[in-house]
A.B. asks: 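Have a look at this one before I ask anything.
For this chain, numbers begin at 1 and follow the sequence in order.
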Amino acid sequence: MESTAESKFSDVDEYGFKRGEKFDYKNYGRFMDGYLKTLTRRRIKWEAILQQNPDLSLNPKLKRYIRKGIPGPYRADVWMIITGADAAKKKNPNLYNSLLNIDHFNKEISDSISIDLPRTFPDNIHFDSKKDRLFNILCAYAHHNRDVGYCQGLNYIAGLLLIVTDDEEKSFWLLKHIVENIVPQYHSHNMANLLRDLAVFRELVIRRVPAVNRHVEDLGLPYAVIASKWFICIFAEVLPVETVLRIWDCVFAEGYKIVFRAALAMFITHKADILVCEDIAALANLFRDTMIQDSIVTDCHSFIEAMFSIRLKRSELESLRKVAVLNGN
């Protein structure tokens, strides 16, 4: 692909996604000048850690390395090991193929998936060739977990897993881990835990940046409109891909708390932008368009640092979850 006149970077990123019309090549260039060197150093360090700790037992050193980003060539295998998906696959090695060999897929489910395939990453120049494999992953999972079946949003998660792993079976096992262990009942028919966690997120914003919450509520934009996709897709099809993958590195190592960290970081790092919005239309446009592709989120390294600068304990989240359930969320 050709690069823009002002930039040495292609208008398509390394994962095959076309960059948006508002993409800031100048700021991205400044960021990448340093980040590419960081990636090279990090890959050398990961080669050493994979030799020293091949089972990837999660210790403080490995946790620190994961927060700084898993190098692309190692990402799929590291995800499989640290989540336990690899061990689960070895315990049930025939599960995925047996699900593909079901005589008749549920027509309603397979039709829903087929409708969503063309909507999945249409801005990715390589994804057309992966859609049959994505169909297999989503149908297999829907028939494996009939309580969930198929829910919009799973196509983006499974699609990005497929881009990273280039492997149907690994993508299936990682999708299973996400849906059942990291964000259970986000994708069920009543989305009970999603509604609960949106209520928890609102309370966290009230506690951390009360002025932002007041402004958002004064303008009348519901948290469900702002953040449902953030939580359902774990930021896939929301933030720039490299930033999403850095978030997922941490999610797979540390669990659901990271989703709240990323959502809070979106509000805190954009506090000034939110507060200057004068009406609901401007605020909606900020969340829907500007915030998800600006220099703050494109600089994945600084965004991850912002996430971990937020004081957040699992005990606080669990306490707020109990309150949300009592309140009917």
A.B. asks: More than 12 non-hydrogen atoms from neighbouring residues, nucleotides or ligands closer than 6.0 Å to CD on E47, yes or no?
C.D. replies: yes

A.B. asks: So among D11, V12, N124, which one has a side-chain contact (heavy atoms from CB on, under 4.5 Å) with K18?
C.D. replies: V12

A.B. asks: Nearest 0.5 Å, what's the CZ-CH2 distance between R75 and W46?
C.D. replies: 9.5 Å

A.B. asks: For R64, does its backbone N or O pair with a side-chain atom of R67 as donor and acceptor, under 3.5 Å?
C.D. replies: no

A.B. asks: Of all heavy-atom pairs between L174 and A85, which one has the smallest distance, and what is that distance?
C.D. replies: CD2-CB, 4.2 Å

A.B. asks: Under 3.5 Å, is there a donor-acceptor pair between the T120 and N155 side chains?
C.D. replies: yes

A.B. asks: Can you give me every donor-acceptor pair (side chain of residues 208-217, partner residue at least two apart or in another chain, under 3.5 Å) with its distance?
C.D. replies:
unit_1: R208; atom_1: NE; unit_2: R311; atom_2: O; d: 3.3
unit_1: R208; atom_1: NH1; unit_2: E316; atom_2: OE2; d: 3.1
unit_1: R208; atom_1: NH2; unit_2: R311; atom_2: O; d: 2.8
unit_1: R208; atom_1: NH2; unit_2: E316; atom_2: OE1; d: 2.6
unit_1: N213; atom_1: OD1; unit_2: Y223; atom_2: OH; d: 2.7
unit_1: H215; atom_1: NE2; unit_2: I274; atom_2: O; d: 3.3
unit_1: H215; atom_1: NE2; unit_2: L275; atom_2: O; d: 3.4
unit_1: H215; atom_1: NE2; unit_2: C277; atom_2: O; d: 2.7
unit_1: E217; atom_1: OE1; unit_2: R202; atom_2: NH2; d: 3.3
unit_1: E217; atom_1: OE2; unit_2: R202; atom_2: NE; d: 2.5
unit_1: E217; atom_1: OE2; unit_2: R202; atom_2: NH2; d: 3.2

A.B. asks: Heavy-atom distance under 4.5 Å between the side chains of V148 and E180, does that happen here?
C.D. replies: no

A.B. asks: With sequence neighbours left out, write down each residue that passes salt bridge (Lys or Arg N to Asp or Glu O under 4.0 Å) with D273, or none if nothing qualifies.
C.D. replies: none

A.B. asks: Considering all heavy atoms of both residues, which atom of G149 and which atom of I109 are nearest to each other, and what is their separation?
C.D. replies: CA-CD1, 4.4 Å

A.B. asks: Hey, does the side chain of R196 reach the backbone of K322 with a donor-acceptor pair shorter than 3.5 angstrom?
C.D. replies: no

A.B. asks: For the CG atom on D218, are there more than 12 heavy atoms of other groups (residues, nucleotides or ligands in this structure) within a distance under 6.0 Å?
C.D. replies: yes

A.B. asks: Check the side chains of R30 and N27 for a donor-acceptor pair under 3.5 angstrom, ignoring hydrogens and angles.
C.D. replies: yes

A.B. asks: Is there a side-chain contact between W248 and I70 (heavy atoms, below 4.5 Å)?
C.D. replies: no

A.B. asks: Can we say R246 and E242 salt-bridge, meaning some charged N sits less than 4.0 Å from an Asp/Glu carboxylate O?
C.D. replies: no

A.B. asks: State, yes or no, whether a side-chain contact exists between Q293 and T298 at a heavy-atom distance under 4.5 Å.
C.D. replies: no

A.B. asks: Identify the residue among D77, L58, I66 that makes a side-chain contact (heavy atoms from CB on, under 4.5 Å) with I82.
C.D. replies: I66

A.B. asks: For P184 and N193, work out which heavy atoms get closest and say how close.
C.D. replies: O-ND2, 2.8 Å

A.B. asks: In terms of hydrophobic clusters joined by side-chain contacts under 4.5 Å, are F231 and V325 together?
C.D. replies: no

A.B. asks: Less than 4.0 angstrom from a charged side-chain N to a carboxylate O is my criterion; do K68 and D249 meet it?
C.D. replies: no

A.B. asks: Determine, step by step, whether S112 and Q152 satisfy the side-chain contact (heavy atoms from CB on, under 4.5 Å) criterion, reporting the C-alpha distance in whole Å, the side-chain angles of both residues, the deciding distance to 0.1 Å, and the verdict.
C.D. replies: CA-CA 9 Å; S112 295; Q152 283 186 333; over 6 Å; no

A.B. asks: Within the 4.5 Å heavy-atom criterion, are D86 and W79 side-chain neighbours or not?
C.D. replies: no

A.B. asks: What do the steps show when you test V241 against I163 for side-chain contact (heavy atoms from CB on, under 4.5 Å), and what is the final call?
C.D. replies: CA-CA 11 Å; V241 183; I163 287 170; over 6 Å; no

A.B. asks: Is there a continuous path of hydrophobic side-chain contacts, each under 4.5 Å between heavy atoms, that joins L154 to L117?
C.D. replies: yes

A.B. asks: Please enumerate all residues that pass salt bridge (Lys or Arg N to Asp or Glu O under 4.0 Å) together with K89, with sequence neighbours excluded.
C.D. replies: none

A.B. asks: Does the Lys NZ or Arg CZ of R19 fall within the cation-pi geometry relative to Y28 - under 6.0 Å from the ring centre and within 45° of the axis?
C.D. replies: yes

A.B. asks: Could you state the interatomic distance from CD1 (I157) to CD (E237), rounded to the nearest 0.5 Å?
C.D. replies: 12.0 Å

A.B. asks: Examine the side chains of D197 and Y256 and answer whether a donor and an acceptor come within less than 3.5 Å of each other.
C.D. replies: no

A.B. asks: Side-chain contact test, heavy atoms from C-beta onward, threshold under 4.5 Å: evaluate it for H177 versus M80 and give yes or no.
C.D. replies: no

A.B. asks: Heavy-atom distance under 4.5 Å between the side chains of R42 and K45, does that happen here?
C.D. replies: no

A.B. asks: Go through it in stages, so that I can follow the logic: the residues are I178 and L161, the test is side-chain contact (heavy atoms from CB on, under 4.5 Å), and I'd like the CA-CA distance, side-chain angles, deciding distance and then a yes or no.
C.D. replies: CA-CA 11 Å; I178 288 170; L161 289 170; 4.2 Å; yes

A.B. asks: Using 0.5 Å steps for rounding, measure from the OG atom of S10 to the CD1 atom of I125.
C.D. replies: 7.5 Å

A.B. asks: Hey, does the side chain of H144 reach the backbone of A140 with a donor-acceptor pair shorter than 3.5 angstrom?
C.D. replies: no

A.B. asks: Can you tell me if T243 uses its side chain to pair, donor with acceptor, with the backbone of L239 under 3.5 Å?
C.D. replies: no

A.B. asks: Would you please say whether a donor-acceptor pair under 3.5 Å links the side chains of H189 and D147?
C.D. replies: no

A.B. asks: Give me the atom names and distance for the closest heavy-atom approach of A158 to L175.
C.D. replies: CB-CD2, 4.2 Å

A.B. asks: If only atom types and distance count, is the side chain of N94 paired as donor or acceptor with the main-chain N or O of S98 below 3.5 Å?
C.D. replies: no

A.B. asks: Roughly how far, to the nearest 0.5 Å, is CD of E305 from CG of D299?
C.D. replies: 8.0 Å

A.B. asks: Is E254 salt-bridged to R261, cutoff N-O under 4.0 Å?
C.D. replies: no

A.B. asks: To the closest 0.5 Å, what do you measure between CD1 (I247) and CZ (F252)?
C.D. replies: 12.0 Å

A.B. asks: Please determine whether residues L56 and Y65 belong to a single hydrophobic cluster, defined as Ile, Leu, Val, Met, Phe, Trp and Tyr linked transitively by side-chain heavy-atom distances below 4.5 Å.
C.D. replies: yes

A.B. asks: On the 0 to 90° scale, with breaks at 30° and 60°, tag the Y35-H301 ring pair as parallel, tilted or perpendicular.
C.D. replies: tilted

A.B. asks: For the residue pair W230 and F287, categorise the inter-ring angle as parallel (less than 30°), tilted (30 to 60°) or perpendicular (more than 60°).
C.D. replies: tilted

A.B. asks: side-chain contact (heavy atoms from CB on, under 4.5 Å) between R43 and Y74: does it pass, once the steps are laid out?
C.D. replies: CA-CA 9 Å; R43 183 167 177 173; Y74 304 134; 4.1 Å; yes

A.B. asks: Do I280 and I292 share a hydrophobic cluster (ILVMFWY, side-chain heavy atoms under 4.5 Å, transitive)?
C.D. replies: yes

A.B. asks: Do N136 and F172 have side chains that get closer than 4.5 Å, going by heavy atoms?
C.D. replies: no

A.B. asks: Is the distance from the ring center of Y25 to that of F9 below 6.0 Å?
C.D. replies: no

A.B. asks: Decide whether V276 and L283 are clustered together by the hydrophobic rule: side chain heavy atoms of Ile, Leu, Val, Met, Phe, Trp, Tyr closer than 4.5 Å, transitively.
C.D. replies: no

A.B. asks: Just by distance, with hydrogens left out, do D55 and S57 show a side-chain donor and acceptor under 3.5 Å apart?
C.D. replies: no

A.B. asks: Is any side-chain heavy atom of H126 closer than 4.5 Å to one of Y15?
C.D. replies: no

A.B. asks: To check you understand the geometry: which heavy-atom pair defines the closest contact between V200 and A324, and what is its length?
C.D. replies: CG2-CB, 4.2 Å

A.B. asks: May I ask you to check whether Y150 and Y141 place their ring centres under 6.0 Å from each other?
C.D. replies: no

A.B. asks: For I102 versus H143, what's the shortest heavy-atom pair and its separation?
C.D. replies: CD1-CB, 3.7 Å

A.B. asks: To the nearest 0.5 Å, how far apart are CE in M307 and SG in C250?
C.D. replies: 5.0 Å

A.B. asks: When the ring planes of Y156 and F121 are compared, do they come out parallel, tilted or perpendicular, using 30° and 60° as the limits?
C.D. replies: tilted

